[in-house]
A.B. asks: 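Let me give you the structure first, and then I'll get to my questions.
Only heavy atoms go into these numbers, but all of them, side chains included; no hydrogens, no water, no symmetry mates.
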Amino acid sequence: MAPIPAHRPVLLVWTHPETQDMLRDALSAPTVDGRSAENILNDKRFASSGTRPCLPQFTLVSVEMGPQVLAKFSEAQAASNPFALVIIEGRSGEWEIARDLAEGLWKCDQTLRCIFCFPSDRGSWPHRLVVSRPEQWAVLRIPFLGEEAFQLASCLSLPLPKPLQSAFDRATDSDEISCSSTPYLDIDAPNGEETTGALESARGELAASRYYVENILRSMADSLVVINADMTIGAVNPSLLNLLGYQEDELIGQSPGLIFGEEFSQGAIIENLFLQGSVSGVESSFLTHEGQKITISVSGSMMQDLQGQFQGLVCVAQDITERKRMEEEKLQLHEQLIETSRQLGMVEVATGVLHNVGNVLNSINVSIGVITDLLKNSMVGDVGRISQLLDKHRENLGTYLSQNPKGKQVPDYLGKLSGQLKEEQRVALLELERLRENAGHAQQCVAAQQDLAKPNGMTEQVCVAEVIAEALVVNQKMLEETNVAVTQEFQEVPPLIVDKHQLLQILVDVIRNACQAMESSVQRHLVVRIKLIIGPPDSLCLEVQDTGSGIPPDDITKIFGQGYSTKYGGRGLSLHHGALMAKNMGGALRAQSKGTGQGAIFFLDLPGNFYFPGL
């Protein structure tokens, strides 16, 4: 009986250097639980076979994709040292090239076996893996366990016994081979003893493979459940039993609904498995033996036989209870950070609002003083004295006004008095108008502070231009102190449905930062723009451009990080807080600058949730 050759050449095609290193490590003799493969094969598990399996020794040859693949393959065949296995790494979007190469190699060697390496993310796989000779190829996910790759290569590189090879060749020559073809085996052939020995050796090697696979399943940290074609539980691993508190015999043959929550039992996951062939990272739940609910992330695939018939489902579940708890804590910390930042911002805004209101009150006091002095010094009392004078000369009023020296002055004096009273009226009305404007200004300052004090998370219909005006009012103190000229360039946009508090807070902080950046600049010019971005989908962009100190290229993204500030004594909260609020509104806050001393532009991108009356 001739033993199966231990030396097995393997051709690596299109493999990444890291993949090559992983394969070279894996296709050496692996270890399991600290035991070498040699010791495992000597185990009493395989003693009953009567034949000690031969441990394969792989020789790896790497080649790039192209004509050199067939050349290297033909060269090995001509040297009577053909490759026992070809491993091809499938690259994203180029699956057809790998498939056509395998088909071409099969024309040269009809018994050749192939392994296609794909990344673990099924999203990058081809939509359908359609290749002929389904019994002669397999898929290996990257990254992989060394034992997994070793056993897969050991099984696939095993040569067919000669009678099987002859039957295969006869069927191929007559074009009768198919996925369901059964090769002819002549037991009475003269080389039957050799065939029996080869089968015994193959049986031992398959037993070793089975042991490795079982060991992998036992060692899995994630829970595994296999569902049979009749929708009963066919197999589970120890991780699942430990997680749920069941014994294996309590689950085998039972309905999956015994351990899965409502999401699985209602059929949504199973339906996706049948429609798509696989699912990945679907959130569901397990039910323990005591009825406790455990949140899990389920990935699964549908099993099919060589004829494409449904065999069952393989599901791997990961307990994400701790991850969900940490996500909840992270969300709470995020909300606390936003609230703390909002309160800190309100303190600064309140200081500015109080200063603005104080300035307004000073203006009101000035106007009141002007009106008071005007009324005190008014000549309106002369009207009463002239009235008394005319009443005194009522009997000879005409003679008095035309002949008396004092009477002659009365008409001219009345004309001058009329003009003076009109001037007093004009000044009084002007000061009263200023009083009204200043009172309105104070009301706007208070209203802006009230808007900032409102709880966030509530959307409403707002006019974006009015929100910008409020933000400028809040920052009026700084704008005046830094002598900043403000230009408004607004496109006409419909009302926007948005969280007004968050929008106002972002604009207040960005405008304040712009004013601070221009404190050392000679030219201080602030431009605020409203731009409608036509989609689909439509969106809105608010721009705040300054002529300040600019932003170094390395800091253009760092400025939005928590605690990062380029200002002395700065806390680095306003822009980080603004970026978080922009994200909460479905938008983004970003910056652009040509460098130090070149000014900066901040962009607030918002989704076009416009309000159209009547729609």
A.B. asks: Could you list the donor-acceptor pairs under 3.5 angstrom formed between side-chain atoms of residues 221-229 and any protein atom two or more places apart in sequence or on another chain?
C.D. replies:
residue, atom, partner, partner atom, Å
N228, ND2, T232, OG1, 3.4

A.B. asks: Looking only at heavy atoms, which two atoms of I506 and M585 are closest? And how far apart?
C.D. replies: CD1-CE, 3.6 Å
A.B. asks: Just wondering, are more than 12 heavy atoms of other shown residues or ligands nearer than 6.0 Å to CE in M220?
C.D. replies: yes
A.B. asks: List the residues meeting side-chain hydrogen bond (donor to acceptor under 3.5 Å, both in side chains) with T19, not counting sequence neighbours, and say none if there are none.
C.D. replies: E89
A.B. asks: State whether the number of non-hydrogen atoms from other residues, nucleotides or ligands found under 6.0 Å of E329 atom CD is greater than 12.
C.D. replies: yes
A.B. asks: State whether the side chain of D509 and the backbone N or O of R512 hold a donor-acceptor pair below 3.5 Å, judged by distance alone.
C.D. replies: no
A.B. asks: Flag the pair E327 and K330 as a salt bridge only when some basic side-chain nitrogen lies within less than 4.0 angstrom of an acidic carboxylate oxygen.
C.D. replies: no
A.B. asks: Determine whether a donor-acceptor pair (N or O, by modelled atom type, separation under 3.5 Å) exists between the side chain of E250 and the backbone of Q247.
C.D. replies: yes
A.B. asks: Check whether any side-chain heavy atom of S539 lies under 4.5 Å from a side-chain heavy atom of P607, and answer yes or no.
C.D. replies: no
A.B. asks: Show which side-chain atoms of residues 483-494 pair as donor or acceptor with protein atoms under 3.5 Å away, not counting sequence neighbours.
C.D. replies:
residue, atom, partner, partner atom, Å
T487, OG1, H525, NE2, 2.6
E489, OE1, R529, NE, 2.9
Q491, OE1, L532, N, 3.0

A.B. asks: Please name all residues satisfying side chain to side chain contact (heavy atoms under 4.5 Å, CB included) with V464, sequence neighbours left out, ordered by chain then number.
C.D. replies: I468, L496, I530, L540, L542
A.B. asks: Are any side-chain N or O atoms of N242 and backbone N or O atoms of P238, one a donor and one an acceptor, separated by less than 3.5 Å?
C.D. replies: yes
A.B. asks: Please give me the minimum heavy-atom distance between F602 and A591, naming the atom from each residue.
C.D. replies: CE2-CB, 3.7 Å
A.B. asks: Is any side-chain heavy atom of I296 closer than 4.5 Å to a side-chain heavy atom of Q318?
C.D. replies: no
A.B. asks: Using a cut-off of 6.0 Å, state whether more than 12 heavy atoms not belonging to E290 lie near its atom CD.
C.D. replies: yes
A.B. asks: How about V462 and V498: do any of their side-chain heavy atoms sit closer than 4.5 Å?
C.D. replies: yes
A.B. asks: Find out whether S285 and K293 are in side-chain contact, i.e. whether some heavy atom of one side chain is under 4.5 Å from a heavy atom of the other.
C.D. replies: yes
A.B. asks: Strictly distance-based, threshold 3.5 Å: is any side-chain N or O of T321 a donor or acceptor partner for the main-chain N or O of I294?
C.D. replies: no
A.B. asks: Identify, with sequence neighbours excluded, every residue that meets side chain to side chain contact (heavy atoms under 4.5 Å, CB included) alongside A149.
C.D. replies: A26, L140, F144
A.B. asks: Hey, could you give me the OG1/CD distance between T459 and Q502, rounded to the nearest 0.5 Å?
C.D. replies: 10.5 Å
A.B. asks: How far apart are the closest heavy atoms of A514 and L526, and which atoms are they?
C.D. replies: CB-CD1, 3.7 Å
A.B. asks: Decide yes or no for V508 and N475: does some side-chain heavy atom of the first lie under 4.5 Å from some side-chain heavy atom of the second?
C.D. replies: yes
A.B. asks: Sub-3.5 Å donor-acceptor pair from the side chain of S549 to the main-chain atoms of G597, do we have one?
C.D. replies: no
A.B. asks: My understanding is that only one of Q505, Q461, E470, E460 makes a side-chain hydrogen bond (donor to acceptor under 3.5 Å, both in side chains) with K500; could you say which?
C.D. replies: E470
A.B. asks: Scan for salt bridge (Lys or Arg N to Asp or Glu O under 4.0 Å) pairs involving residues 365-376, sequence neighbours excluded, and state none if there are none.
C.D. replies: none
A.B. asks: List the residues meeting ring pair (Phe, Tyr, Trp, His ring centres under 6.0 Å) with Y246, not counting sequence neighbours, and say none if there are none.
C.D. replies: H289
A.B. asks: Enumerate the side-chain hydrogen bond (donor to acceptor under 3.5 Å, both in side chains) contacts for residues 588-610, please, sequence neighbours excluded, ordered by first and then second residue.
C.D. replies: R590-D605
A.B. asks: Might you point out which heavy atoms bring S301 and S278 nearest each other, and give the distance in Å?
C.D. replies: OG-CB, 3.8 Å
A.B. asks: Quick check for you: to the nearest 0.5 Å, what is the distance between L606 atom CG and C541 atom SG?
C.D. replies: 8.5 Å
A.B. asks: Under the salt bridge (charged side-chain N to carboxylate O under 4.0 Å, His left out) test, which residues partner E328, sequence neighbours left out?
C.D. replies: none
A.B. asks: Determine the minimum heavy-atom distance between A98 and F116, stating which atoms define it.
C.D. replies: O-CE2, 4.0 Å
A.B. asks: Please confirm whether the backbone N or O of T547 pairs with a side-chain atom of R524, one donor and one acceptor, at under 3.5 Å?
C.D. replies: no
A.B. asks: Do Q523 and M518 come close enough that some side-chain heavy atom pair is under 4.5 Å?
C.D. replies: no
A.B. asks: For atom CD of E466, is the number of surrounding heavy atoms from other residues, nucleotides or ligands below 6.0 Å larger than 12?
C.D. replies: no
A.B. asks: Check whether any side-chain heavy atom of L575 sits under 4.5 Å from a side-chain heavy atom of N513, and report yes or no.
C.D. replies: yes
A.B. asks: State which residues pass salt bridge (charged side-chain N to carboxylate O under 4.0 Å, His left out) with E431; sequence neighbours excluded, sorted by chain then number.
C.D. replies: R434
A.B. asks: How close do R99 and V131 get, heavy atom to heavy atom, and via which atoms?
C.D. replies: CG-CG2, 4.1 Å
A.B. asks: Listed by chain and number, what are the side chain to side chain contact (heavy atoms under 4.5 Å, CB included) partners of Q254, not counting sequence neighbours?
C.D. replies: L258
A.B. asks: Could you tell me if the side chain of K558 sits less than 4.5 Å from the side chain of D555, heavy atoms only?
C.D. replies: yes
A.B. asks: Keeping the roles fixed (side chain from E543, backbone from F603), state whether a donor-acceptor pair exists under 3.5 Å.
C.D. replies: no
A.B. asks: Who passes side chain to side chain contact (heavy atoms under 4.5 Å, CB included) against Q292, sequence neighbours left out?
C.D. replies: T288
